[in-house]
Amino acid sequence: MSHSQHYVVRIPHLQEGARAEFNAWAAHNGKDYGTPEEADHRFAVWAANVQRQASTLAAANSAAAAEVPVNGLADISLEEFKAGYLGQVSRRNAEALSAGKKKEGPYKYENIVPPAHVDWREKDIVGPIKNQHVGGAPCGCCWAFATIGVTECIVALATGKPISLSEQQLIDCDKGAPWYDLGCEGGDFEGGVDYIIENGGIDTEEDYPYLAHDDKCIRKKEGHAPKVSALDGFGHVPPQNETAIAQAVSQHPVAVAVCCGDYIDNWHAYTGGIFEIPGVDIPGGCTDPLDHAVVIVGYGTTEEGQDYWIIKNSWGITWGEEGFFKVRRNVGAPLAAFGLATQPGYPIKKGVNSASDPIRSDIWGQESPILVATATS
């Protein structure tokens, strides 16, 4: 569902017949509430959200206030959104997460000149958009979806075949030492990758399906994951460096943590385009808390010269640009938009991005990354 395909509420219609607009929006998004009482409740939440969104648009641009594009999450409250759609707890027990790890050498991609445009969706290695809030209780497990999302990309690059892997296995089994993740109560994608390494891979979505709540780990499935999903390590991208992120993204997608923080309402209501916060020059350049985890799958520049990142989310296809979103790139602030340059990283898999693998310089045709000679004094 693109930006233009979101249901557009006309404010005069909202004022004259809000329930009819809600019913049309619900049909557009395939909503089925089960009982009249639940439908009434969701209508009340939806109406409050849309009115608030219209007021925000009117404050920023009165000409835009007559029509409001409304995404598929408008029937949940901000409280429900915070509880069920976030969940990155960054650097939890950082000393424990880093204990015993070998010191990393120079940044593998430091001599790459990134191409002007990268979009891994064009290469058929980015898995489908998933939804971390499908039934069940609220589950703050974006960290698991980011772990699996970037791992699916790395595995597809290694095999040439897309694969859907299990977030639920991480939620159920990736707890306690040495990973320190907490299922639906939050976690960190680096810990998730560490679990996959220790487990020798991760089950497929079909074999260990998503439940949207914490459940007991099915221990008999551990150690029996498809070998193709095995990982060999975790690579850190130098923080506070958008060029370094672009260098890595030219080779494969990268997981990042972002902060929704004070702008949670804007995240909730986003329908497409480059994500801007009215009145804020650099959107969300914050570090505390980093409360959401996502996967950068590309970047580009608009015809007007605005650089942007292309990011895969885990809130379903009725949010944003069919589940993806864009934020400004090269904003001139170390932490980047929404703090995304704070702790970028990626799974390491032999045959894709291990230290012994050559840098791939022919992926993007004439705009392919170019290795440049390291300057010597």
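In this text the structure is predicted, and so the values were computed from the model without any measurement. Because only heavy atoms are used, hydrogens play no part in the values below, and waters and symmetry mates are left out as well, while side chains stay in.
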- Task: Run the numbers on D40 and R19 for salt bridge (charged side-chain N to carboxylate O under 4.0 Å, His left out), then give the verdict.
- Result: CA-CA 9 Å; D40 289 344; R19 189 58 184 254; 3.1 Å; yes
- Residue among V118, T151, V295 satisfying side-chain contact (heavy atoms from CB on, under 4.5 Å) with P253: V295
- Query: With respect to I296, which candidate in I310, I245, V327 satisfies the side-chain contact (heavy atoms from CB on, under 4.5 Å) definition?
  - Reply: I245
Can you find a pair of side-chain heavy atoms, one from [X] and one from [Y], that are under 4.5 Å apart?
| X | Y | answer |
| --- | --- | --- |
| T204 | P226 | yes |
| L86 | I264 | yes |
| V150 | H252 | no |
| N199 | Q169 | yes |
| E205 | K130 | yes |
| Y109 | I359 | yes |
| V331 | E242 | yes |
| V294 | K312 | no |

Return the [atom1] to [atom2] distance between [X] and [Y], rounded to the nearest 0.5 Å.
| X | Y | atom1 | atom2 | answer |
| --- | --- | --- | --- | --- |
| L170 | I196 | CG | CD1 | 5.0 Å |
| N71 | T271 | CG | OG1 | 7.0 Å |
| S354 | I348 | OG | CD1 | 8.0 Å |
| T318 | I129 | OG1 | CD1 | 11.0 Å |
| I154 | Y346 | CD1 | OH | 9.0 Å |
| C217 | K220 | SG | NZ | 12.0 Å |

- Task: Check step by step if side chain to side chain contact (heavy atoms under 4.5 Å, CB included) holds for H236 and Q343.
- Result: CA-CA 8 Å; H236 296 93; Q343 61 167 84; over 6 Å; no
What I want to find out is whether [X] reaches [Y] closely enough, with some N-O distance under 4.0 Å, to be called a salt bridge.
| X | Y | value |
| --- | --- | --- |
| E276 | K326 | no |
| D124 | K161 | no |
| R10 | E21 | no |
| D75 | R42 | no |
| R121 | E321 | no |

- Item | Criterion side-chain hydrogen bond (donor to acceptor under 3.5 Å, both in side chains) on D181 and Y195, from CA distance to verdict | CA-CA 10 Å; D181 292 316; Y195 173 83; over 6 Å; no
Regarding [X] and [Y], do their side chains bring together a donor and an acceptor under 3.5 Å, going by distance alone?
| X | Y | answer |
| --- | --- | --- |
| H268 | Q53 | no |
| D188 | Q88 | yes |
| E80 | S77 | yes |
| Q132 | S314 | yes |

Can any side-chain N or O of [X] pair as donor or acceptor with the backbone N or O of [Y] at less than 3.5 Å?
| X | Y | result |
| --- | --- | --- |
| Q251 | N353 | no |
| D232 | K350 | yes |
| N266 | I277 | no |
| H133 | G140 | no |
| D291 | C260 | yes |
| Y107 | A244 | yes |
| K349 | G233 | no |
| T56 | R52 | yes |
| R329 | Y308 | yes |
| D215 | L211 | no |

Are [X] and [Y] joined in one hydrophobic group, where the rule is that I, L, V, M, F, W and Y side chains link up if heavy atoms are under 4.5 Å apart?
| X | Y | answer |
| --- | --- | --- |
| L73 | I317 | yes |
| Y208 | V228 | no |
| Y33 | V50 | yes |

Which pair of non-hydrogen atoms, one from [X] and one from [Y], has the smallest distance, and what is that distance?
| X | Y | result |
| --- | --- | --- |
| F338 | L290 | O-CD2, 4.3 Å |
| A158 | V352 | CB-CG2, 3.4 Å |
| V237 | A248 | CG2-CB, 3.9 Å |
| N111 | Q247 | N-NE2, 4.4 Å |

- Message: Please give the remaining members of the hydrophobic cluster of Y210, linking ILVMFWY side chains under 4.5 Å, ordered by chain and number.
- Response: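 F145, I171, all in the cluster of Y210.
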- Message: Taking less than 2.5 Å as the test, are the sulfur gamma atoms of C141 and C184 close enough?
- Response: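 Looking at C184 and C141, their sulfur gamma atoms do not lie closer than 2.5 Å, so the answer is no.
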Give a yes or no on whether the ring-centroid distance for [X] and [Y] is below 6.0 angstrom.
| X | Y | value |
| --- | --- | --- |
| F325 | W319 | yes |
| H117 | Y299 | no |
| F189 | W143 | no |
| Y7 | W25 | no |

- Quick one: do H6 and V8 satisfy side chain to side chain contact (heavy atoms under 4.5 Å, CB included)? Show the steps, please. CA-CA 6 Å; H6 287 290; V8 176; 5.8 Å; no
- Message: So if I apply the ring-ring contact (aromatic ring centres under 6.0 Å, His included) rule between F81 and each of Y270, W315, W267, which one comes out positive?
- Response: W315
- Message: Set out, in order, the CA-CA distance, both residues' side-chain angles and the distance that settles side chain to side chain contact (heavy atoms under 4.5 Å, CB included) for L78 and D265, then state yes or no.
- Response: CA-CA 7 Å; L78 285 180; D265 198 5; 3.9 Å; yes
- Query: Listed by chain and number, what are the salt bridge (charged side-chain N to carboxylate O under 4.0 Å, His left out) partners of E79, not counting sequence neighbours?
  - Reply: none
- Message: Checking V70 against W46 for the side chain to side chain contact (heavy atoms under 4.5 Å, CB included) test, could you report, in this order, the C-alpha distance in whole Å, the side-chain angles of both residues, the deciding distance, and whether it holds?
- Response: CA-CA 10 Å; V70 180; W46 178 89; 3.9 Å; yes
- Is the cationic atom of K123 (NZ for Lys, CZ for Arg) positioned less than 6.0 Å from the six-membered ring centroid of W364 and within 45 degrees of its normal? yes
